[in-house]
Amino acid sequence: MENKKSIRGVQITDAIRKELEDAGKSRVLTFKDRKGKQYLAHIEVGSDKLMVVPEGKYLEHRCPHCGGRIKITSKGYFCEHYFDKTDACKWHCNGILSHRFILLHEIEAYLDGHPTVLDGCFNSQGRIFSAVLVESEVYGMSLSSVVGKCPVCGEDVMVSPVAFNCSCHEKLGEPYHLTLWRHIRGHEVTLDELRELLTDGITKKEVMLMDDKGSLSKAYLRLSDDRKRIVADYNIYN
Ligand SMILES: [Zn+2]
Ligand SMILES: [Zn+2]
């Protein structure tokens, strides 16, 4: 075996040498590339010399279909069984949807069941829109602006860059009978909170809101009686 003292910034200690002799590969170690950037890899004993083999990078959450790991590639996020010859799992999310990068924490949040609104997407006509990740029939992820059902008329609620709006403005003859601003007194309304507002009319947990004096206070978010806006409920039990 090659008798190197260190390889790409990692000392070959006696312990590592023993792992290489016993198993032909080392534990996972942190290496430095030529630009000094750190990366995870292990050492393997090649035919005549030691090789540094980078670890595949995976998401923290697993594939929602098969439980496999999800690989981070230059094209996006792919179930590790995507390229299997038999029984392949086709779950994947392209790294760019509607001209927008899908960032690591955004796909993790979706897989965690607490998705976030993705702003700054734009369609082929150049119109900017906001959306959430949804799974399409072919097991790929795509974008949709539908985020719930309107408690007034039952139609879809859509997310826009500034508000959550009912999609049927005109049908009931009352335009914008449901328009909920996404920012309330300094608080950004999450999709979990929106879901609670649409089903129960009030959030389960308190949030921190700016009160009339300009200081932060705990409050529940509640739908106003006309359901046109979100109001702060500072004293729910009084
Ligand atoms: Zn899978
Ligand atoms: Zn409606």
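Note that ligands are numbered from 1 as they come in the structure, with each ligand's atoms numbered from 1 the same way.
- A side-chain hydrogen bond (donor to acceptor under 3.5 Å, both in side chains) check over residues 100-113, counting only residues at least two apart or in different chains, returns the pairs H61-E108, H61-D112, R100-E106.
- Annotation: salt bridge (Lys or Arg N to Asp or Glu O under 4.0 Å) contacts involving residues 209-220, sequence neighbours excluded, comprise R185-D212.
- A donor-acceptor pair is defined here as one N or O able to donate and one able to accept, closer than 3.5 Å; no such pair exists between the side chain of R227 and the backbone of G201.
- Under 2.8 Å from the Zn ion (ligand 2) lies no N/O/S atom of C168, from backbone or side chain alike.
- Distances shorter than 2.8 Å separate the Zn ion (ligand 1) from the protein N/O/S atoms C63 SG, C66 SG, C79 SG, C89 SG.
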Distance-only criterion, 3.5 Å: show the donor-acceptor pairs between side-chain atoms of residues 143-150 and protein atoms not counting sequence neighbours.
unit_1: S144; atom_1: OG; unit_2: V146; atom_2: N; d: 3.0
unit_1: S145; atom_1: OG; unit_2: S130; atom_2: O; d: 2.7
unit_1: K149; atom_1: NZ; unit_2: D156; atom_2: OD1; d: 2.5

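- Here the angle at the Zn ion (ligand 2) defined by SG in C153 and SG in C150 stands at 110°, rounded to 10 degrees.
- A salt bridge does not link D14 to R17: none of the charged side-chain nitrogens sits closer than 4.0 Å to a carboxylate oxygen.
- Checked by atom type and distance alone, the side chain of T203 pairs as donor or acceptor with a backbone atom of L221 at under 3.5 Å.
- Note: the hydrophobic cluster containing I184 also contains L191 (ILVMFWY, side chain heavy atoms under 4.5 Å, direct or indirect links).
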